[in-house]
Each structure stands twice: as structure tokens, then as C-alpha cells.
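Working notes, beginning with the structure itself.
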Amino acid sequence: MIRKPKRVRLHQEHAEHAGVLRVIAAMMAWAAGIALGIATGDLVIALILTAVITSGHLVSWRTRLWRSARWQIMLLVPTALVVVLLVPSLPQAFQGDWLHPMRYLLLLQALTSFYLHSRASLYTAQMLSAIVLLVSSQLAFDSLFLTFFFAFFLLQLVFLASATRVDAVRGAVAVHSWPNRAQRMLWGAAGVGLIAVASIGAFLLLPWGSLSAGGGNGSMLPLTGEARPGSSEGVQDGPSESMPRSGPDDPALNDPEEIQQAIDELLNNSDGSDIPVPNGELGGLLGQGGTPGADGAASPLFGTEDGFGGSVPGDPGPNGEIPNPTVMQVRSPVSTYWRGQTYSVFDGEQWLPDGAVRFSTPTRSAKARYPQTYFVKQQLPMPVLGYTPLGWQPVGDTKAPIIEPGDVYRVISERRNFHPAVLSRATSANVINRGPDEFVSESVKELAAQITLGRSGALSKSLAVTQFLRSNYTYAASLDPFSPLQSIEQFLYGDHKLGNAFDFAAAQTALAVASGLEARLVTGYLPGELDPLSGTYVVRASDAHAWTEINFRDRIGWVPFDGNPREDGQANTTTTRNGAAGAVASLFDQRVGDQVRDAVKIAIEQSLSFGARVIGPAAVGVAVVAIVLAVRWLLGRRRPRVPYSLLEAGGRRDLIRAYERLMKQVSKYVPPRSTDETVDQYFARVSREFPSVGEELVWLRDKLNEVAYRPTEPNAAHMADARIRMGDLRRTIRTGAGG
Amino acid sequence: MRFLTRRGFGFIFAAVSLFVIGDVTRTGWVQIADAVFWGAILTSALVAAMSSGGLRATPRFFLNSTPGQNPGTAQGETIGIEAEVINRWPLPRFGVTLSFNLYVNDQLVTPHSDQRLKLHMPFLAPGSRTVVKGSMVTSRRGMHRLADGVAASDAPFGVFKRSQPQVGETALMIYPAPVEIELGPSRLVNAGERPKPVTARSGEEVVGSRPYVVGDSARSIHWRNSARTGRIMTKAYAATEQETPVLLVASGPMLDKTKSEESLDDRCRVAAGVSLESGKSGAPLSMLTGRTTQRVTWAETLSLLAALTSDTVKPMAEQLTWLDPSAAVAVVVDVADDESISAMVAEASRLSSLDVWLLAEPTDEHQWHANRAASALRGVGAHVSVVERPLPAPEVSR
């Protein structure tokens with residue numbers, strides 16, 4: 001009886017024998033795994049998985065010639081299990097929870113790494129690593145992550161270069177060595193430099209989506225009643241001329257020194273006990289739900305005892321500079337104010353914070369959803385959730401309500417349409433249960449009535465109030481915007497018409513409520529500066545802000561309005577960096593591709609408007625003519641102008657052209673062939689003029705005869721040789737060596 | 001050959017994917033990584049485009065060892081391949097691979113691009129002249145020709161590949177490696193009186209001419225016919241003296257086409273062995289050249305055997321009809337070649353002697369065939385020897 005061998009060792013045709021490629025592939029897996037670990041905070045799990053991947057590569061390398069192995073087949077079971085687990089988590093991923101699938105993907109890679117035999121399987125492993133890495137890149141941005149991120153891509157290039165070299169050398173009968181090591185180093189450095197220059201060129205020319213602070217999908221910034229560059233929001237329905245330019249008699253302050261003086265005066269005269277500051281009395285509201293609004297009622301998430309507001313610019317340092325630490329960085333395709341605490345309770349003096357945050361109910365299709373990732377650098381009393389959050393997902397150890405430095409969480413939001421044309425059709429009515437309008441003083445109601453005189457729509461009234469405050473009051477910066485500086489009456493009717501962000505928002509909210517609108521006060525942060533490298537908005541303590549939201553019915557929800565005239569409120573700015581990172585970041589401003597893309601976009605928009613009737617058909621006509629000309633040119637290229645032969649063959653025409661060039665060169669020294677002269681006689685004459693190349697000329701003449709008149713396909717290699725020889729001959733004749 | 005390689009498709013797909021991801025997520029470092037990819041693509045295109053044109057490559061065979069008893073290189077011996085590459089442009093070239101097709105007896109033996117003979121040069125200095133040397137072991141007999149040269153470069157990442165054909169060619173005759181044969185009681189050993197040395201041609205009648213092959217004496221060149229035909233021809237003599245046995249190689253069974261070349265190769269090696277041993281024993285063989293038999297030199301025998309292909313070898317019945325009556329014949333035939341064996345049995349009566357070498361594999365089916373053929377041939381007076389396949393591999397010299 002013949003005993004079958006347990007393992008059949010066979011030469012596998014496609015087995016990858018180059019160990020260096022496996023080492024590089026394993027290193028790429030390490031880079032991706034560690035990057036995922038950094039992004040998620042679970043470095044240990046990532047390291048274990050990458051260690052398994054390394055072992056898998058080692059086993060695959062040792063068993064690359066084995067046709068089958070039982071344990072490899074057994075590995076198929078857990079692999080299938082991971083695939084089964086991975087597939088149901090994919091819909092979750094499209095809702096923003098990318099982490100679970102990525103861990104499964106890394107696990108899948110760890111299992112499959114035990115049977116990576118061929119080059120193709122190595123590429124597949126790299127692809128899995130790349131997916132893990134790119135998804136992780138959306139969850140982290142520190143320099144350590146960047147190191148592994150770029151290490152991965154450099155390893156990819158090294159892998160390709162090594163694979164190319166391995167293929168070339170492995171299949172070769174002979175390999176010529178480099179002349180010397182120094183030369184190899186020199187050309188290697190030149191190659192790296194060339195790639196760097198080409199990369200910068202590609203970076204500047206590629207038409208990426210503009211990395212402007214306006215956001216990839218636009219912005220949802222508060223309406224102000226003023227036109228913003230590149231935005232139609234707030235343009236319509238601005239304040240009317242009939243509106244009082246100023247509530248009080250005194251004009252607004254303009255001189256900075258005068259403003260500072262007024263601030264000092266306010267601070268000295270104000271009595272903290274008169275101003276209700278949000279404090280522990282709200283503890284009973286935790287988790288009990290806030291103001292039911294048009295967004296609907298979802299489950300309450302978290303509340304705060306201290307209200308929202310801890311991270312504000314601190315006291316000046318020893319050198320007099322005001323510390324302005326980064327509070328958080330937010331990656332979001334939509335530029336918005338980062339909403340934190342809401343205040344919908346009014347006690348007759350001031351607005352008090354709500355006890356709970358409620359998520360919105362989706363009103364639009366899934367296409368309107370977008371993810372935001374918050375990387376917190378300073379402690380926050382509760383998560384900042386941005387606009388219309390549908391849900392949040394903490395990453396790693398992040399826990400609500402206190403958000404610690406280093407915490408990361410993601411929020412899925414819905415992009416609502418705040419366009420004035422839409423808002424002008426919607427309504428808003430003051431139906432707040434606690435009835436804050438009852439506490440609004442008569443003077444405020446009177447002022448509100450005066451401001452909104454003749455205005456009927458909710459948007460019209462909202463913008464009138466917003467514009468009134470922006471036009472007549474002065475913003476006092478560098479003051480804590482999360483607590484009021486003065487009472488609403490003091491702010492509206494005081495001598496200075498000066499207030500911090502909370503004063504503005506409190507007054508605007510009170511005026512809106514007094515106008516019959518459903519309004520609330522909101523504290524949070526301005527969009528901040530965009531860091532183009534990480535694609536995040538850098539929000540600093542100085543971006544702390546307060547503003548007003550007005551609830552619009554018809555499934556629109558809370559719409560922000562900012563009556564504060566602070567200059568950085570609506571400005572979309574980009575961060576400035578120093579050093580090498582600054583040099584790289586500065587490239588983002590130079591991108592030609594973006595400018596071209598924007599110009600094309602604008603041109604298309606313009607052509608689609610009024611001029612479309614003229615430009616459109618003309619453009620179509622020009623395009624048709626261009627296509628026809630291009631097709632004719634392409635077809636014309638196929639026909640030889642001089643019909644030497646009816647047969648088409650690669651290089652025949654090129655050869656004849658090369659011959660004509662040669663004859664042109666020759667004709668500078670030898671008179672051209674006369675009509676009574678045979679070709680042989682002519683060549684004999686040329687040979688007499690150029691004796692050293694006469695033989696070569698005769699060979700070429702014969703070759704030309706063969707090419708032009710022989711009815712069979714000419715030998716492509718012979719023709720290539722003839723072309724080269726004619727080129728040589730031209731140079732020889734030009735340099736006079738032939739003569 | 002297309003400029004973009006299969007790997008290039010994948011690489012560009014990755015770069016485009018990264019572009020889309022960078023565009024959607026608006027992450028600067030993803031865009032920078034993508035830009036590096038595009039930079040690599042641009043560099044690859046540039047390097048590949050500038051690295052193949054303007055090269056002139058000339059291949060050459062050279063012998064690594066001194067030929068032994070054969071007139072030249074035989075199967076199993078190592079031959080050297082060298083290529084002189086002239087970089088005619090004032091540009092450095094990177095990762096240039098020079099590849100050639102190998103033809104044996106005008107039959108392409110490297111149909112797939114991976115099989116082409118390649119010589120790799122990582123770097124060629126501007127205007128330089130570089131000689132690359134390698135070697136290969138010859139496994140087949142016949143005229144080996146290196147042709148269809150292509151200089152290609154896909155440096156540094158294999159994303160783009162540009163090729164340029166090269167005109168240079170070279171050729172070398174590889175002779176069959178004789179198999180050690182014991183003639184035993186064969187009649188070839190006692191084939192009559194010792195003939196004249198084959199170099200002495202006096203008194204022989206020239207009956208025609210045939211194309212020159214390596215090993216032919218310069219004295220036997222048929223100058224007149226060479227001038228007429230434009231290629232070097234050699235005189236063909238008629239055997240006027242004592243008939244020498246004529247060596248025939250059977251065309252082989254036509255059932256299994258895939259093995260026919262291998263089988264013919266084996267028959268030629270056995271025939272070479274028979275010829276060698278016969279020559280040693282003082283009874284050199286004649287061979288059929290065209291339709292006449294001709295007593296040939298050892299070099300000529302090997303040349304004729306080297307050039308034998310399944311297309312040129314005639315059916316056994318036809319070969320036998322060209323022989324003079326009462327000729328002595330030595331035949332190498334495959335046991336499964338029923339057609340040839342039948343022809344020999346039919347013609348044996350008019351031949352003076354018939355020596356047959358049967359090639360058989362040690363399988364039951366072949367042994368049955370061998371027994372049947374041997375008994376049939378012995379029945380008509382032939383002397384039969386069985387040679388077992390596979391034959392011992394040619395001794396590889398390095």
C-alpha cells in the first residue's frame with residue numbers, strides 16, 4: 001500500500017520568493033496597525049494583531065512552496081467567521097461607526113496573512129492595510145500618527161521599486177552591476193529629489209476640493225442679515241430703513257480706547273450678585289429633558305451642573321500675552337458654529353441653561369448627513385455637538401458628560417437648509433412652555449415691537465433683531481462669553497451699548513421672544529481656523545461665543561442668528577504654522593488646480609444662468625467642431641501623405657520621413673538629384689562627396705527601396721535600425737565628418 | 001507594447017482613489033500622500049520614456065568551454081551570451097532590460113514574454129558602451145538564434161514600461177549530445193572493408209549540391225552553385241564504392257504531438273550515438289541528404305541531425321524508397337511508431353541489412369509494443385536493439 005505523503009511539497013508557480021517584499025509588506029501592516037491603535041487608543045490590541053500578522057508573513061514565507069496544509073485549511077473557518085462578523089458591521093460604518101469594521105478588517109488581515117503565497121496576495125494585504133490606515137486617518141491627526149501614515153506610503157513606493165528590481169534581476173540571464181556605490185547613491189538622491197519636485201507640482205496642479213475654511217460641503221453659519229462673500233445667506237430680507245437705527249440715543253462706540261474704558265467702567269459698576277449665573281440649581285434638570293422643539297424628542301443625553309463654559313482665554317502671562325489654548329479640533333465637512341449649551345429658560349433677568357441635550361430627529365435623506373470628529377484638548381463640561389446632531393459616538397475611553405483632554409468623539413449631523421428663501425416660507429411661534437416672554441420686561445417688548453414694526457415673517461423679524469444689534473452695539477472681546485456682563489436692560493439701555501457675546505445673545509434672544517418667536521440662547525464656539533494639513537478646524541479659547549437660535553417650523557428646526565458684530569464671527573480663516581509644516585501648509589494657498597476648479601465652477605454656474613442661452617449652444621458648437629477636427633486629424637494621421645506604398649506598416653512612414661530629413665541635410669552640400677539623373681547616379685555622386693559614409697548611404701538606399709516598394713511587411717527591427725543609422729548619418733554630415 | 005503596465009493600472013487606481021478620499025475628507029495629509037503618488041507616477045513616466053530609446057544592442061554567443069569530440073557546442077553544454085549596449089544619447093538610463101527571443105531551428109521556443117532571455121542593466125551612463133555577459137545551458141539541439149531584441153525600461157516602480165526593438169541577431173549551432181550506445185553484434189561493426197577516409201574525395205562523383213552547414217570542409221564548397229543561388233552550397237557526392245550503412249531517423253508517431261519534438265530529440269541523440277560508435281568501429285555511416293545518400297563527416301552527421309525537425313524528416317516509407325536496393329540501413333525509431341515499423345518490415349527484403357534501435361519507455365504498453373516490433377523485425381532478418389527512455393540527461397558542463 002502506498003502511503004500518501006502528509007504534505008505535498010510542490011513548486012508553486014506563482015509563489016513569491018523574494019523575502020524582502022514580505023518584510024516590506026509586514027512593515028506596512030505594522031504602520032497601519034499602529035496608526036489604528038493611535039487613532040482608537042487601543043494600541044495593545046493593534047500591536048497584538050500586527051504581531052500576528054508578522055507571524056503570518058513568516059509562516060507564509062516558510063510554506064510558500066507547499067500546496068496544501070491542514071492547518072491552513074483550518075484557518076479558513078475563523079476567516080469565514082470574521083467575514084461574517086465584518087459584513088453586518090458595514091452598514092454601521094456608513095452611519096459613522098468605522099472603528100468596528102476596521103478592527104475586524106485588521107483581524108481578517110491577521111488571519112489571511114498565514115497564506116500569502118503569491119505577489120497578488122501581498123498586494124491584497126497591502127490594500128487591506130491601506131483601508132485600515134485611511135479610515136484611521138479620519139480619527140487622528142497627531143504627529144506620531146502622521147509618522148506612521150507617511151511611513152506606510154513610503155513603504156508602498158519602496159515595495160514597488162523592490163518588486164520591479166526583483167522581477168528584473170530574477171528573470172535575467174545576466175545582470176550588469178552599477179559602476180560604483182557613490183554613483184548609485186547620487187542617482188538615488190536625484191531620483192528622490194525628482195519625485196519630490198514632481199509631487200509638489202502634482203500637489204499644486206491637481207484640482208482637489210478647495211481646502212478653504214468654508215467647508216467642503218459649504219457652511220451652516222448663523223444668519224446675520226449681511227451678505228457674506230460667496231454666500232447668499234442673510235442677503236435677503238435684511239433690516240428695513242424704517243427700523244430704528246438705535247434703541248438708545250447714544251451712537252455706538254468706535255474708538256478702541258473708549259471701548260476699553262467702557263469695559264472697565266462696566267466691570268467696576270457691575271454687581272455679580274445681580275446677575276443670575278447658571279449654577280447648581282439646574283442639577284434637578286439633569287436628564288429630564290429640555291425644551292421640546294421642532295426637532296422632536298429623542299432620548300436626553302447629558303446635562304451639566306455648571307453650565308457650559310470653562311475654556312476661555314486666561315489671564316495674561318508674564319510677558320503680557322493672553323494665553324489662547326486650543327480647546328478642540330474638529331474635522332467636519334461643514335463649517336458651523338460648534339454648539340454647546342443651550343439656554344431656553346428665562347427668569348426675568350437672564351437666560352438659564354437647559355439641563356439636557358436632545359438629539360434631533362432626521363428630517364432629510366441620508367445624503368444630508370455628515371460626520372464630525374471632535375478631538376478635545378481642554379476639559380469640556382459636556383460634549384460640543386455642533387448643529388442638528390442625530391447621534392454621537394465616543395471613541396476609546398471618552399465618557400459623557402465630562403470630556404477630558406485627549407478624548408475623541410464623533411457626531412453624525414444632518415445638514416439643514418438655512419437658505420433665506422426656505423426660511424422665509426417657514427413660521428415660528430413662541431410656544432415655550434416656561435413662557436419666557438412673560439418675564440421679558442415691557443421695555444424690551446416695546447423695543448422689539450419697534451424693531452419689527454411692519455415685519456410679518458419669522459425670518460424677517462429675526463433678521464431685523466439681528467441687524468439691529470449688529471448695527472448699534474459694540475462687542476467687547478476678551479471677556480468671558482459664557483456668563484453675562486450685565487442685565488439685558490443694562491445692555492440695551494445702558495450708556496455704553498457695550499457687551500460681551502453673552503450680553504448680545506441674551507438681548508437678541510429676549511428681543512426675538514418678545515417679537516413672538518420661539519428663541520433660545522446658545523453658547524459654544526466659533527468655527528475657528530482651518531488647519532489644511534489635518535483638515536480640522538482649530539478651535540481656541542478665544543473662539544468661545546454665544547448666539548441666538550430661533551426655531552422654525554416645517555421641519556427646519558433651530559436656526560442660528562448672530563447679532564454680535566465681532567469680526568471673527570463669520571470669517572473663515574486658515575491657521576498659520578511655522579517651520580517645515582508652515583512651508584507645506586503654505587502650499588495649500590498656492591494651488592493652481594483649486595483655482596482652476598473654482599474658476600471652472602464659477603464659469604459653469606454663470607453659463608447656466610442668464611448667459612446659458614447664448615454660451616451653451618456656442619460651447620456645444622465649438623465642442624462639436626473641435627471633436628470633428630480632432631477626429632479628422634486622428635484619421636488623417638493614419639494616411640501617409642506620400643503614397644509610397646499601399647501597405648501600412650509600423651514605422652514605414654517614419655522611416656521615409658527620416659530619409660527625407662536626411663536628403664534635406666545632404667542637399668545642403670550636394671546639389672539635389674536632377675531630372676535626367678538616376679537614383680544610382682545620384683547616390684554615386686553623394687558618395688563621392690561623402691566618401692566615408694558612401695557605403696552607409698547605399699545600404700540606406702536599398703533599405704528605402706525595400707521599404708517603399710516591397711509588397712510584404714517590412715521587418716520592424718530593420719526599420720528601427722535604419723532610422724537610427726539615418727540619424728547617425730545626419731549628425732555625421734552636419735558635423736562635416738562625412739566630408 | 002503598451003506604455004502603462006498592469007501594475008501601473010493598479011498604482012494609478014490607488015492614486016485616483018486616494019485623490020477621491022482626499023477630496024471628500026478634505027484632509028491635507030491624505031492629499032499630500034496622494035501628491036507623492038502622482039509624483040512617483042510622473043517620475044516613472046519620465047524615467048521609462050527616456051531609458052529605452054537611442055540604445056543599440058548587439059547580442060553575441062560565445063563558448064565557455066573548448067568543444068570536446070563534437071565540432072561545436074552540444075546539448076548540455078553551457079554557452080555564453082553577451083550583449084554590447086551603446087547608449088547613444090547624452091542621458092543616463094535606468095533599469096534597462098534587454099530581452100531576446102530564442103529560436104531553435106527557426107522555431108520560437110520563448111513564446112511567452114517571461115521566457116525571453118533577459119539581460120538587466122540597472123544603470124547606463126550617458127554615451128557609454130556596456131557589455132553584459134551571461135550564460136545559459138543548452139537543452140535543445142539545432143540552430144540557436146537570438147533575435148527580436150527589445151530594450152525596455154520600467155524603472156523605478158514598474159508603473160510604466162517603454163520598449164524599443166533592436167536589430168542585432170546572433171546564431172549558434174548546438175549539436176545533439178550523443179547517447180552512449182553499445183553496438184554489440186550489430187552488422188555495422190563488420191560493414192565490409194574499411195572505406196576511404198571521408199576527407200578524401202578523389203574519384204567520387206558529384207551528383208548535386210546542398211546548403212552549407214557548419215563543419216563542412218571548405219574544399220567541398222560548390223562555388224558555382226553558391227554563386228548561382230546566393231548562398232554557400234556544398235557538393236553532394238554519390239557513394240561509388242562499398243556501400244556504407246545509411247542512418248535513418250524515423251519521423252515518429254504522430255499521435256502525441258506534444259511529445260513529438262522531445263521524442264525526435266531523443267532519436268537524434270541515439271542516432272548521434274550510433275554514428276559515433278559506428279565511426280569508432282571503423283564503419284562510418286552515410287546519411288540521406290535530399291533524395292540521395294551521402295557519406296558524411298562526423299561534423300556533417302551532427303549538423304544534419306541538429307537541423308532535423310519534425311517538419312523536415314520524411315515518413316519512413318518515403319525514405320526507404322529513395323535508398324538503393326540492397327542498401328545497408330540503420331534506423332532509430334520509436335516503438336509506438338507503427339507506421340515506420342510496418343514500412344521497415346515491408347522493405348526489409350530488398351535491403352542488404354537492417355539495424356534497428358527501438359526507443360521504448362519502461363511502461364507495460366511500450367514494452368508490449370517493443371516486443372511486438374522486435375519480433376516482427378527479427379522475423380524479416382533485422383537486428384534489433386532496445387534503448388530505454390528517458391535517455392540519460394546530457395552531461396552539463398559549466
Side-chain angles (χ1 to χ4, degrees), chain A residues 123 127 130 134 137-138 141 146 149-150 152-154 156-157 160-161 163-165 167-169 171-179 183-184 187 191 194-203 206 208-209 211 215-216 331 333 531-535 584-585 588 715-718 720-721 724 728, chain B residues 7 10-11 14 18-19 21-43 46-47 54 56 81-83 88 92 94-95 97 114 117-123 125 130-136 147-149 154-159 164-167:
Chain A
Y123 280 126
M127 217 178 291
L134 288 170
S137 75
Q138 298 304 302
F141 55 91
L146 275 186
F149 185 84
F150 279 103
F152 179 90
F153 290 103
L154 292 180
Q156 172 77 74
L157 294 181
L160 287 175
T164 308
R165 185 182 165 279
D167 290 345
V169 171
V173 176
V175 178
H176 194 253
S177 60
W178 277 76
Q183 206 169 24
R184 182 164 51 180
W187 283 112
L194 189 63
I195 291 175
V197 170
S199 301
I200 293 172
F203 182 76
L206 280 173
W208 270 296
L211 261 178
R331 175 172 290 122
D531 174 23
L533 277 177
S534 63
V584 175
F588 283 87
N715 186 323
H718 289 175
D721 188 39
I724 291 170
D728 287 347
Chain B
R7 184 186 300 171
F11 193 72
L18 210 56
F19 173 81
I21 292 169
D23 192 23
V24 171
T25 62
R26 300 170 57 253
T27 311
W29 64 62
V30 174
Q31 298 183 353
I32 291 173
D34 188 38
V36 173
F37 267 34
W38 287 109
I41 289 170
L42 290 174
T43 309
L46 182 69
V47 172
R56 183 184 288 178
I81 300 170
E82 69 174 19
R88 299 166 57 250
F94 301 95
T97 297
D114 288 347
L117 290 171
K118 298 187 182 81
L119 302 107
H120 182 62
M121 291 147 282
F123 174 74
T130 307
V131 177
V132 201
K133 285 190 176 180
S135 62
M136 63 175 276
D148 307 337
D154 61 352
F157 300 117
V159 175
Q164 177 131 14
Q166 300 292 322
V167 278

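Residue numbers begin at 1 in each chain, while the letters A, B, ... track the order of the sequences.
Contacts of A:Ala163 with chain B are made by both backbone and side-chain atoms, with heavy-atom separations under 4.5 Å. Contact of B:Leu119 with chain A is made through backbone and side chain together, with heavy-atom distances under 4.5 Å. In this structure, chain A has no heavy atom under 4.5 Å from any part of B:Ile41. Heavy atoms of A:Leu134 lying under 4.5 Å from chain B belong exclusively to its side chain. Using a 4.5 Å cut-off between heavy atoms, B:Ile21 touches chain A through its side chain atoms alone. The parts of B:Pro122 that come within reach of chain A are both its backbone and its side chain, each placing non-hydrogen atoms under 4.5 angstrom from that chain. The parts of A:Phe203 that come within reach of chain B are both its backbone and its side chain, each placing non-hydrogen atoms under 4.5 angstrom from that chain.
For B:Thr97 against A:Ala168, the heavy-atom pair with the smallest separation is OG1-CB, 4.1 Å. Contact detail for B:Ala33 and A:Phe149: the closest heavy-atom pair is CB-CE2, 3.9 Å. Residues B:Gly158 and A:Thr164 approach most closely at N-OG1, 3.1 Å, considering heavy atoms.
Contact of the A:Phe153 side chain with the B:Val36 side chain is not registered, since no non-hydrogen atoms from C-beta on lie closer than 4.5 Å.
In terms of heavy-atom pairs under 4.5 Å with chain A, the best-connected choice from B:Met121, B:His120, B:Gln164, B:Arg56 is B:His120. Counting heavy-atom pairs closer than 4.5 Å to chain A, the top-ranked of the candidates B:Ala155, B:Gly22, B:Pro92 is B:Pro92. Note on B:Trp38, B:Phe157, B:Phe94: by heavy-atom pairs under 4.5 Å with chain A, the leading option is B:Phe157. When B:Gln166, B:Lys133, B:Arg7 are compared by the number of non-hydrogen pairs under 4.5 Å with chain A, B:Arg7 comes out ahead. No other option in A:Ser199, A:Ala202, A:Ala198 has as many heavy-atom pairs under 4.5 Å with chain B as A:Ser199.
Between A:Trp187 atom CH2 and B:Phe123 atom CZ the span is 5.5 Å, to the nearest 0.5 Å. Between atom OH of residue A:Tyr123 and atom CZ of residue B:Phe11 there is a gap of 10.0 Å, rounded to the nearest 0.5 Å. Atom CZ of B:Phe37 and atom CD of A:Gln156 lie 4.5 Å apart (nearest 0.5 Å). Note that CG of B:Asp34 is 6.5 Å distant from CG of A:Leu206, once rounded to the nearest 0.5 Å.
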